[in-house]
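Here is the structure we will look at, set down as C-alpha cells.
The figures that follow rest on heavy atoms only: side chains count, while hydrogens, waters and symmetry mates do not.
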Amino acid sequence: MSNALESLKVAAERIILDPKYHDILTVIKGARNGAVYGTKVRFPHALVMIMLFRSGSAFVSRFRDKIRQIFRATRIHARNLAKFAAIYKGTCPYDSFLAGLLGGYLVFGQRSPRTGKISSVSQQIVIYVFARVVLALAKLAVQPGNAASLPVVSRPGTSELVRRHAWPVFASLSWAMVMHLFRWHPAELQPSLRSSMTYIYSNADEWDGVRNFIWHNK
C-alpha cells in the first residue's frame, strides 16, 4: 500500500514539475489559493457579523439560520475568488487589464438567477477593491514624474501639500457622507454596514435599566 502511494506521489510530482504543464497548473493553483483565501477571510467576518447582528424569531431556528448564512457567505466568497483567479491566470498572459475586466464581469458582475440581485458578498469584494484602486490612483496622481500623475498636483511643492492634507479631508468627508446616508437613507447602505451602525448609534437611544444600558442593547 505504501509503495503504491509513494509511486503515485512520484508520478504526481513528475507532472506538476514538468514545465509543459506549468501554465495550466497556474490556473489550478490560482483557483486553489482564491478558495483558501476567501474561506480564511470570509468565515471569521461572517461568524462575527451574523452572530452579533442578525436576529430571528426562535433561538434554535435563529441559530440554524445563522449557521447556514455563515457557510453560504463563506462558500460564495471562496467560490468567487477561486473562479476569478482561474479566469485571470488563464488570460493574464495576453493583458492583465482585459483579464481583470473579463473576470470581474463573469464572476462579480452577474446577478443571481434566482433573485435577480447582486450578492452582498460580491458587492463587498468589489467595493473593497474599488476603494483600494481609488487610493492607489490618488497616490499616483501626486507622484512627481510619474506617467499617471496630474499636471498641477504632482508639482513637488503642491504634491507634498496634497499628501499632507488629502487623507484628513477624505476621512472626514467619508464619515460625513455615511452618517448622512445612515440617518436619511439607511436602506441604501450595505446590510452589514447598516447593521453595525444601527447597533452602535440607533440602539444607543434606548434602554430601560442598568442591564440593557451597560451589558445589552434593548
Side-chain angles (χ1 to χ4, degrees), residues 21-56 61-140 148 170 174 177-178 180-182 184-199:
Y21 299 122
H22 179 266
D23 290 346
I24 186 63
L25 291 176
T26 61
V27 175
I28 298 172
K29 183 65 183 294
R32 176 265 179 199
N33 289 352
V36 172
Y37 184 83
T39 301
K40 288 182 176 180
V41 169
R42 177 56 57 173
F43 182 78
H45 175 271
L47 181 66
V48 172
M49 296 302 297
I50 292 173
M51 284 298 185
L52 288 182
F53 300 119
R54 297 284 175 88
S55 60
S61 62
R62 182 174 69 226
F63 181 77
R64 289 175 178 170
D65 186 54
K66 287 182 176 181
I67 294 298
R68 282 195 293 268
Q69 291 175 23
I70 291 168
F71 281 100
R72 178 178 178 276
T74 303
R75 185 184 72 250
I76 292 173
H77 198 139
R79 182 192 65 200
N80 283 358
L81 289 186
K83 288 167 62 178
F84 182 88
I87 293 170
Y88 177 78
K89 294 301 291 183
T91 55
C92 69
Y94 304 101
D95 185 88
S96 59
F97 181 86
L98 292 178
L101 191 71
L102 179 64
Y105 176 77
L106 293 177
V107 179
F108 297 104
Q110 302 303 308
R111 297 182 180 274
S112 167
R114 183 172 59 85
T115 65
K117 297 180 179 179
I118 303 294
S119 77
S120 60
V121 174
S122 290
Q123 290 181 29
Q124 290 169 8
I125 296 173
V126 172
I127 291 168
Y128 174 89
V129 171
F130 175 76
R132 269 50 182 182
V133 169
V134 170
L135 287 175
L137 291 177
K139 291 177 181 179
L140 288 174
F170 173 71
S174 295
M177 289 188 289
V178 77
H180 176 82
L181 287 169
F182 177 66
W184 300 109
H185 307 281
E188 306 307 320
L189 293 176
Q190 201 276 333
S192 63
L193 174 60
R194 185 172 65 245
S195 296
S196 302
M197 297 183 75
T198 298
Y199 181 87

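- At least one side-chain heavy atom of F170 sits under 4.5 Å from a side-chain heavy atom of L135.
- Remark: S120 OG to L193 CG distance equals 12.5 Å, nearest 0.5 Å.
- Considering NZ of K66 and CE of M49, their distance stands at 11.5 Å, rounded to 0.5 Å.
- Rounding to the nearest 0.5 Å gives a distance of 9.5 Å between NE2 of H22 and NZ of K29.
- The closest side-chain heavy-atom distance from R42 to I76 is not below 4.5 Å.
- Note that R75 lies outside the cation-pi zone of F71, set by a 6.0 Å cut-off to the ring centre and a 45° limit from the axis.
- Using a 4.5 Å cut-off on side-chain heavy atoms (C-beta onward), F108 and Q123 make no contact.
- R72 CZ to T74 OG1: the interatomic distance, rounded to the nearest 0.5 Å, is 11.0 Å.
- Shortest non-hydrogen contact noted between F63 and M51 is CE1-CE, 3.7 Å.
- F84 and Y88 have parallel rings, their planes meeting at less than 30° on a 0 to 90° scale where 60° marks the start of perpendicular.
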Is there a side-chain contact (heavy atoms from CB on, under 4.5 Å) between T91 and L98 once you walk through the steps? CA-CA 8 Å; T91 55; L98 292 178; over 6 Å; no

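- In this structure, the side chain of S96 does not engage the main chain of C92 through any donor-acceptor pair within 3.5 Å.
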Go through H77 and I125 one step at a time and tell me if the side-chain contact (heavy atoms from CB on, under 4.5 Å) criterion holds. CA-CA 8 Å; H77 198 139; I125 296 173; 3.7 Å; yes

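- Taking both residues in full, the closest heavy atoms of A31 and A82 are given as O-CB, 3.2 Å, listed atom of the first, atom of the second, then distance.
- Here the closest non-hydrogen pair linking I50 and I70 is CD1-N, 3.6 Å.
- Y37 OH to N33 CG: the interatomic distance, rounded to the nearest 0.5 Å, is 11.5 Å.
- In terms of the side-chain hydrogen bond (donor to acceptor under 3.5 Å, both in side chains) criterion, residue partners of S119 (sequence neighbours excluded) are, by chain and number, S122.
- Residue L189 comes nearest to R194 through the heavy atom pair O-NH1, 2.8 Å, listed as atom of the first residue, atom of the second, then distance.
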